[in-house]
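Just so you know, these numbers use all the heavy atoms, side chains as well, and skip hydrogens, waters and symmetry mates. In what follows, residues are counted from 1 in the order of the sequence shown. This structure is a prediction, so every number in the text was calculated from the model and none was measured. Both ligands and their constituent atoms are indexed starting at 1 by order of listing.
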Amino acid sequence: MPDVRTVATWELRAEFARRLSSLYGHEVPAYNLLVEVCHEVNAEVLAREGAAAERLGSIGRVTAERHGAIRVGSAVELRQVARIFGALGMFPTGFYDLRDAYPNPIPVVSTAFRPTESAELARNPFRVFTSLLVVDDRRFFDASLEKRLTSFIGHRELFPPELLALADRARDGGLAGEQAERFLDLATGAFALSSSPVERAWYAELEAISAVAADIGGITTTHVNHLTPRVLDIDALYARMGARGIAMIDEIQGPPAWAGPSVLLRQTSFKALAEQRMFREPDGNVSPGELRVRFGEVEARGVALTAAGRERYDALTAETDRLFAAGTGASRQEIGAEVWARGFPSDEVSLARQDLAYFAFRVDPDRRRDGSAPPIDLAGLLDGEWVFAEPIVYEDFLPRSAAGIFSSNLTGPSSLSSTEQGQERDVTWLAEMLETDISAPEELYGAERARSLALVADRLGISAPVG
Ligand code: OOG
Ligand code: NI
């Protein structure tokens with residue numbers, strides 16, 4: 001009998017992630033090697049550390065976990081992306097402005113489409129970092145180029161109407177059987193590398209300003225830029241990829257390797273590989289050539305930081321930069337490890353007590369009841385071991401690391417006018433373009449913590465809210 005059951009949103013999302021992974025592995029074989037080495041390293045960490053290895057997510061979640069990156073050129077295209085990802089239970093979260101990225105400004109603002117509820121993240125956390133070209137930023141594009149870019153982008157169709165209609169239907173009533181299949185086929189196909197020829201002169205004109213601008217506005221299609229698996233020991237992964245002959249970028253972005261808890265996000269990548277593409281010359285001749293835009297990134301995730309924790313992170317990063325620039329001969333990672341050992345709590349409970357990171361608190365069911373009343377403050381509950389703290393995983397991105405990943409993979413720096421002003425862009429503007437709200441990551445983490453505290457209060461019969 002044909003399967004006519006409505007496919008759950010998370011199943012569509014998980015299947016989309018699997019199909020994209022198989023597509024990307026087909027297109028960029030080095031990605032398959034990266035995934036293979038991730039599996040090797042994850043199995044070793046699991047064997048070595050047991051349950052501790054799953055503290056930041058079950059091995060099932062981590063093994064399936066991917067993030068992709070895509071880039072679009074207009075609000076119309078961005079809204080179409082939102083319809084497709086909305087059908088997969090992925091919603092815009094966070095705002096990133098990469099135009100002031102150092103050393104390479106990138107003419108985009110970005111958000112990430114991802115599941116926002118913890119149960120959905122646990123089922124499948126697939127997320128896509130999505131960038132929108134800022135065509136009217138005069139530091140990059142003069143009035144003539146803006147006009148031509150807008151027109152070029154306005155005339156292309158990235159997503160077939162049938163795909164968008166199926167996406168809307170998925171959100172309205174769900175998709176079953178063949179329709180679900182068709183939706184997944186079309187959605188995956190929309191992000192495949194196109195074989196249609198690239199107009200050489202147009203692409204080159206944009207590339208002279210920014211390779212990312214050319215990748216977005218220089219072609220009539222879109223594609224996954226990278227697809228990133230999650231690894232439990234990124235330092236081991238980095239070393240092993242190098243040993244397997246893959247050229248990695250110079251360093252791991254984000255916090256250093258250090259003895260304390262994993263926080264936020266650490267990322268690295270192998271350099272963009274030459275891919276064969278067809279080019280149309282100004283005389284109409286079509287011939288093969290190559291482009292280097294797609295790369296292979298990998299990430300390790302840690303606990304999400306509160307605003308205070310994030311300030312501490314920024315201060316430690318600035319201190320690491322300062323000492324590294326002073327040139328003592330030590331590597332950035334070595335300096336970072338020392339700076340962190342001096343300036344950051346070395347265990348989770350201290351992070352929780354100092355409110356530097358987000359945790360979900362659970363009542364310890366085994367705590368021996370000695371007749372005493374539980375304290376009503378969080379520190380007391382933690383000290384008395386009434387509750388334990390489970391780290392809330394950081395599900396988002398880091399603008400500085402994103403800039404580092406972008407720029408390690410660019411062939412040349414962006415050329416930027418220093419006399420022009422950039423357009424103001426913020427999360428409100430992007431939400432207006434999207435015609436939908438953009439979730440603030442801190443609010444999602446904060447709400448999860450608050451829910452856990454309400455449950456603790458309830459279970460312990462504490463009337464006053466804790467925390
Ligand atoms: C996105 C770069 C940012 C990350 O993981 O920080 C990113 C892009 O290259 O389009 O994916
Ligand atoms: Ni990425």
Side-chain angles (χ1 to χ4, degrees), residues 17 20-21 24 28 30-31 34-35 38 65-73 77-78 81 85 90 92-114 125-134 158 191 193 206-207 210-219 221-231 234 237-238 248-249 251-255 264-273 275 291-302 313 317 393-411 414 430 441:
L20 220 48
S21 183
Y24 199 61
V28 181
Y31 162 82
L34 184 65
V35 170
C38 281
E65 187 155 350
R66 299 284 184 278
H67 87 246
I70 61 162
R71 306 156 173 185
V72 296
E77 292 177 353
L78 187 64
V81 166
F85 291 156
M90 297 153 66
T93 306
F95 174 80
Y96 309 87
D97 189 342
L98 297 170
R99 294 172 304 154
D100 44 22
Y102 179 83
N104 271 311
I106 319 283
V108 299
V109 292
S110 315
T111 186
F113 288 86
R114 68 164 176 90
F126 189 54
R127 49 175 95 74
V128 178
F129 191 91
T130 302
S131 299
L132 172 65
L133 189 66
V134 186
L158 298 185
F191 297 105
L193 196 67
L206 291 169
E207 201 179 21
S210 152
V212 175
D215 185 44
I216 301 173
I219 50 178
T221 52
T222 188
H223 43 247
V224 211
N225 172 268
H226 58 267
L227 198 65
T228 301
R230 182 168 159 193
V231 72
I234 199 167
L237 179 287
Y238 186 91
M248 303 297 280
I249 63 169
E251 51 176 29
I252 297 172
Q253 309 281 321
L264 297 173
L265 179 63
R266 301 181 71 212
Q267 298 170 294
T268 189
S269 72
F270 64 70
K271 294 204 168 151
L273 303 173
E275 291 184 287
L291 287 179
R292 285 174 186 268
V293 283
R294 307 205 302 166
F295 51 86
E297 187 191 41
V298 59
E299 67 184 19
R301 290 190 174 262
Y313 171 74
T317 305
V393 179
Y394 188 62
E395 305 286 355
D396 294 284
F397 293 86
L398 295 175
R400 176 180 162 131
S401 301
I405 297 282
F406 260 119
S407 61
S408 314
N409 285 286
L410 298 179
T411 36
S414 304
L430 194 64

For [X], take its heavy atoms, then give the atoms of ligand 1 lying under 4.0 Å from any of them.
X	result
E297	4 (C), 5 (O)
Q267	4 (C), 5 (O), 6 (O)
A69	1 (C), 8 (C), 10 (O), 11 (O)

Checklist entry - Do any of the N, O or S atoms of E297 sit under 2.8 Å from the Ni ion (ligand 2)? => result yes
Item to check | S210 side chain to V212 backbone, donor-acceptor under 3.5 Å | outcome: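 Indeed, once roles are kept as given, a pair shorter than 3.5 Å links the two residues.
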Item to check | Short side-chain to backbone donor-acceptor contact, R127 and E395, under 3.5 Å | outcome: yes
Checklist entry - At the 4.0 Å heavy-atom cut-off, does H226 count as touching ligand 1? => result yes
Checklist entry - Are Y31 and S21 linked by a side-chain donor-acceptor pair shorter than 3.5 Å? => result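 Per modelled atom types, Y31 and S21 side chains form a pair under 3.5 Å.
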Checklist entry - Any chance the side chains of T228 and E297 put a donor and an acceptor closer than 3.5 Å? => result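 Result is yes, a qualifying pair exists.
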Checklist entry - Angle class for the H226/H67 ring planes (parallel below 30°, perpendicular above 60°, tilted otherwise)? => result perpendicular
Checklist entry - Does NZ or CZ of R292 lie under 6.0 Å from the centre of the six-membered ring of F270, at an angle within 45° of the ring axis? => result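 No, R292 and F270 do not form such a contact.
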Item to check | ligand 1 to H67 polar contact by distance, N or O atoms, under 3.5 Å | outcome: yes
Residue, atom name and distance, where the atom is the protein heavy atom closest to [atom]:
atom	answer
atom 2 (C) of ligand 1	F406 CE1, 3.5 Å
atom 3 (C) of ligand 1	A402 CB, 3.5 Å
atom 9 (O) of ligand 1	R71 NH2, 2.7 Å

Checklist entry - Side-chain contact, heavy-atom cut-off 4.5 Å: L265 with Q253? => result no
